[in-house]
Every structure is written in structure tokens, then in C-alpha cells.
Q: 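Have a look at this one.
Worth knowing before you read on, the calculation uses all heavy atoms, side chains too, and leaves out hydrogens, waters and symmetry mates. Chain letters run A, B, ... following the sequence lines, proteins first and then strands; every chain starts at 1.
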Amino acid sequence: MSYNWNWDIFLSPTPSGESTYLGWLLNGLQWTLTLSLGAWIMALVLGIGLGVLRTVPNRLLAGSAAAYVEVFRNVPLLVQLFIWYFVLPELLPTTLGDALKQTDPLAQQFFAALLCLGCFTAARVCEQVRAGIASLPRGQRNAGLALGLTLPQTYRYVLLPMALRLILPPLTSEFLNVFKNSAVASTIGLIELSRQSQQLVDYTAQAYEAFIAVTVLYVLINVLVMFGMRVLERRTRVPGYIGGK
Amino acid sequence: MKLPRLSSLVFGCTLLAGAAQAPADTLEKIKDAGSITLGHRESSIPFSYYDDQQRVIGYSQDIALRVVDAIKRELQLPDLQVRLNPVTSQNRIPLIQNGTVDLECGSTTNNTERQKQVGFSTTIFVVGTRLLTKKASGIQDFSDLAGKNVVTTAGTTSERLLRKLNEDKQLNMKIISAKDHGESFLTLETGRAAAFMMDDALLYGELAKAKRPGDWVVVGTPQSLEAYGCVLRKDDPVFKTLVDTTIAGLMTSGEAQKLYAKWFESPIPPKGLNLNFPLSAEMVELYRNPNDRALQ
């Protein structure tokens, strides 16, 4: 192939001289991690709340949670990101929208991506939580209520502790997806890992080295997440259930 | 996943990249396949872009089609199939290298760094990098940008120049890198950025797409001259000679100037707006003496 391999490229200084190309990649890695972990925390909090709402015996609450899921699950992630970043500021009152657009572009890009990824993943987490709660025998809810627990207490002490432990394996895949989906932020200009690798290609024209490095970094992140989640799974297994002792 | 498996995966990727073999002789490949794949841009107005029926048109595209005609004559393949493959600033070079695209005529700057990876044809256009801004913004030149948000397209030479300028002159600009020229202009139009730095010809192109073209103006001293060339695979002298002589022929015969008038001095799709971008001294010189020198 008409290609000049040059692995030393990562150690050579960038044109502005303040860092090496490896430094760029690590900087991008930092953004990817911050964005993904932030979005994951948001998705867990929001998703568990919505998942509970989907199973409560109140049509209005369950219906609105279902509507949320349908909207966020059925619109492509990239479209959602463009709506958060380009459309939302136009819908705000003009002065507020203009003020927002004059803030630091990096912050705008980061928060648009965070909200987008968080809301999207929350819809998916919500469905896992709902499935987890629905998989429990109906007697558990009834037993909790019969003992005199209020509905919130039944969720807090009976249903959720079981449901969350049951859904850990599917949650692992959602957690992995957050990292991979965070690459969409590159389309609005956030310099995260995949964008940083593209930048490396732009500056050095060493496309394969850059893409291989970035692949390795994504795999590393996800291997770590998988190990961590597996340990957590082992510790929280429910005896007597699938995978339990 | 265990670690030994991970390392074999990485090794596999390396092999895969190495195995992305591209034929050294493009003409041979075209002949064998009975088809040529042209790389084109999607929003590089007026070089290579979609009209309102999603057909690829533009100055560079016209040149590419003339080259295809020459290839048909050379290979005596009158019904050579032409495949169109949209490319971006970021993937055009790898796609040429791995053989997906045979020839890319869009708005690609010929520079020495890129020459290490791909070949460039005779220069098809010379541009200067300038600024597009709102008439009412009061911005006259690059020095007026201090402390402001400025947008440019990711993966372009303008992006580098802008970052360098920011460092050298301590302008404290906040630089937004948008995905393509269309998105850059959207960023400017929605007020996120005060100015859009790009090759002047492309700025005129974006201006032509604006809702109210009269609101916008191209300003600033050109920061650099750049030579656009068609991209082809490196070390393929036979194909390069064919492409070069075709393009040089267009220029010396005066046909290139007609193409220039068609795309830069007459109404063009999609809105029938005239870019009114007069032929620069550099362009006159290029048409007189076609060459493939990089200006960067």
C-alpha cells in the first residue's frame, strides 16, 4: 500500500508546540471520560426515576414516562444532538438564547452533548428498570403493601433492591454504549477522543496510526468497565435467581 | 475479555490496516473494474456540491468529468461507469489510499504534509483564506477578532492557521471547529460565532446560500494562498500524467476560463445567485502556466 507508517508520530510535538500528539489523544480521552461518566450518572438517576414511574398504578404518571421513552428512544441520537445544540437556543427567548450562544463554545458543546447523551440513555435505562420491576413476582409488591409499607416504601425497600440487582447485566451494555455513543459529540465540535484522532489525521495525514490508537483506547475503556461491572455483578447476585448461587 | 485476546485484537487491526492494499496502477484498476470512483464533496460551493435534485455539480466536478472523458478515450472504454462517492475533509485521504476512491476533485489543498501520503494533480484553483462576517459586525480584519468566537471547518488548513494566529498574536479567540462548511455557516448565522474563516471562494459560496446574502460580507487580508488540486494515489505516474495533461489542456485552451465564468461569474444552483468572484491575478497566472506546486 502507498502508505508511510510512522509510529513515532505520537511523540512528535504538535505545530503549536505546547504538547505532543499523544498529549492530544489523552486530552481527548479526558473529555470522553468526563462526558460519558457525567451522562451515565444523569441517565441512572433519571432512568431509575422514570422506570419506577412506568410501573406505578397511576395512568398519568406511567403514561408520561412512557411518552418520554418513546420520544427519546425513537429519534436518532445524532438528530437529538443537533436539536439540543442548534435548535434549542433558537426556541429560547431571543435575549436568553443570544446570551447562551455567547458563552464559551466548549461549555456549550459539552453541556449540549451531556444533556443529549444523558436523556437518550435515561430512556434506555428506564426500560431496563421497568423490565426488572416487572420480572418480580406480583406477590412482592402486594406483600410489601400488606405489611403496611406505603407505595414509595415498597419500592425503596422491596422492589428496587431486587430489580436493580437483576438488571445489572443489561445495564453493563448500556454503560458501554454511553462511551461509544459519546463520539457523536465530535459532530458539534467537542474535541473528545474520536475528534482528536481526526484532528491528528488532519495535521499529520497518518490516518491509520491515529485510528488504531483511538480504537485501542476505546477498547481499553470498555474492558475496564466490563471488569468493574462483572465484579459488581458477582457481589450483588441474588441467591436463587439466574446466575445466583 | 482477557488481555491476551485484547493484544491479538490490536494486532488484527494492524494487519487489517496493512492489508488495505491499493493498486499502484489506477488506470489498470479502472480498466479491470470497468468503472471509476470519483470522490466529491457535499457542500463545497461552487467546487463540488449537491444541487436541489441531489446531483453533484460544481467547478471541480466539471473538471473531474473532463478527466473521465480523457480516461474513456485513453482506455477506449466509451461506457466506463462513473461511481460517485461523497467524501469529507477527514476521510478523503484515507479513501484515496485504500483504493475506495480513484480521483477526488473538490476543494483539497495541496500541501507538503499531504504529499507524503497522496499525489496531487495540476492545481485547479488558487484561494486565499479570509473571513465571512455580518456587515453590521464591524469586523474588518483578523485583528478585530480578539476575544471573539470564530468558527472554521474541522480538518481544513484554515483551522490550523487560525489556531496558529491565536497563539502567535495572543488574540484569545475561542475557536469552534464545525463538521463541514454548511455547519460552519449555520454556526455563524445563528450568532454563535462572530466570523467564519475559510478559503475565500468557499465563503462566497456559503454567502450565496444564505437566507439574506446582502447581510454578509467577506473581509480581511488573505492569510495564505492555497492551491487546490485533485487527489490521486501517490507514485502512479501514468495516471497522474493523464490527469495533469487533461487539466493543463483545459487551462491553456481557455476552456478552464469558461468554467470559471460559469461557476464564479454567473448565477449558479441552488438559488441562481451570482458569486461575482472576479478572476484573481494568481488564477490568471495559473491558467497561463499550469503547475502542480504546493503553496504551503
Q: Answer with side chain, backbone, both or neither: which region of A:Q102 has an atom nearer than 4.5 Å to a non-hydrogen atom of chain B?
A: both
Q: Name the region of A:F86, side chain, backbone, both or neither, that has any atom closer than 4.5 Å to a heavy atom of chain B.
A: both
Q: Does a donor on one side chain sit under 3.5 Å from an acceptor on the other, for B:N98 and B:T100?
A: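 Side-chain D/A pair, B:N98 to B:T100: present.
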Q: So for A:D104, is it side chain, backbone, both, or neither that comes closer than 4.5 Å to the heavy atoms of chain B?
A: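 Contact with chain B is through both the backbone and side chain of A:D104.
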Q: I would like to know whether A:T172 and A:R230 meet side chain to side chain donor-acceptor pair (under 3.5 Å); could you show each step before the answer?
A: CA-CA 8 Å; A:T172 306; A:R230 203 159 285 173; over 6 Å; no
Q: Taking A:Q80 for the side chain and A:F72 for the main chain, is one N or O donor matched with an acceptor at less than 3.5 Å?
A: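 Pair found, side chain donor or acceptor close to backbone of A:F72.
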Q: What residue in B:E183, B:K174, B:E159, B:R160 has the most heavy-atom pairs under 4.5 Å with chain A?
A: B:R160
Q: Go through B:D168, B:L186, B:I93 and name the one with the most non-hydrogen pairs under 4.5 angstrom from chain A.
A: B:L186
Q: Within residues 189-196 of chain A, which residues come under 4.5 Å of chain B, heavy atom to heavy atom?
A: A:G189, A:I191, A:R195
Q: Without swapping roles, check the side chain of A:R130 against the backbone of A:G51 for a donor-acceptor pair under 3.5 Å.
A: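 Checking the backbone N and O of A:G51 against the side chain of A:R130, no donor-acceptor pair under 3.5 Å is found.
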Q: Is the number of heavy atoms from other residues, nucleotides or ligands under 6.0 Å of B:K31 NZ greater than 12?
A: no
Q: For each of A:E90, A:E209, A:Q109, tally heavy-atom pairs with chain B at distances under 4.5 Å, and name the one with the top tally.
A: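 Of the options given, most contacts go to A:E90.
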Q: Salt-bridged, B:D215 to B:R212, with N to O below 4.0 Å?
A: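 A salt bridge links B:D215 with B:R212.
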Q: For the rings on B:F196 and B:W216, is their centre-to-centre separation under 6.0 Å?
A: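 No - the distance between ring centres of B:F196 and B:W216 does not fall below the 6.0 Å cut-off.
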Q: Please determine, among B:N91, B:I176, B:I175, the option with the most heavy-atom pairs under 4.5 Å with chain A.
A: B:I176
Q: Is a donor on one side and an acceptor on the other found under 3.5 Å between the side chain of A:Y68 and the backbone of A:C119?
A: yes
Q: For each of A:T187, A:T103, A:V201, tally heavy-atom pairs with chain B at distances under 4.5 Å, and name the one with the top tally.
A: A:T187
Q: Between the side chains of B:R163 and B:S177, is a donor N or O closer than 3.5 angstrom to an acceptor N or O?
A: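 Yes, because at least one side-chain N or O of B:R163 sits under 3.5 Å from a partner of the opposite role on B:S177.
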Q: Sort A:S186 into side chain, backbone, both or neither according to what part of it lies under 4.5 angstrom from a heavy atom of chain B.
A: neither
Q: Between B:S48 and B:S60, is a side chain to side chain donor-acceptor pair (under 3.5 Å) present by the stated rule, with each step listed?
A: CA-CA 6 Å; B:S48 179; B:S60 305; over 6 Å; no
Q: Within the 3.5 Å criterion, strictly below it, is a donor on A:T32 or A:S182 matched to an acceptor on the partner's side chain?
A: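 No pair is found: no donor N or O on one side chain lies under 3.5 Å from an acceptor on the other.
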Q: Does any backbone or side-chain atom of B:A178 lie under 4.5 Å from a heavy atom of chain A? Answer side chain, backbone, both or neither.
A: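 Contact with chain A involves no heavy atom of B:A178 at all.
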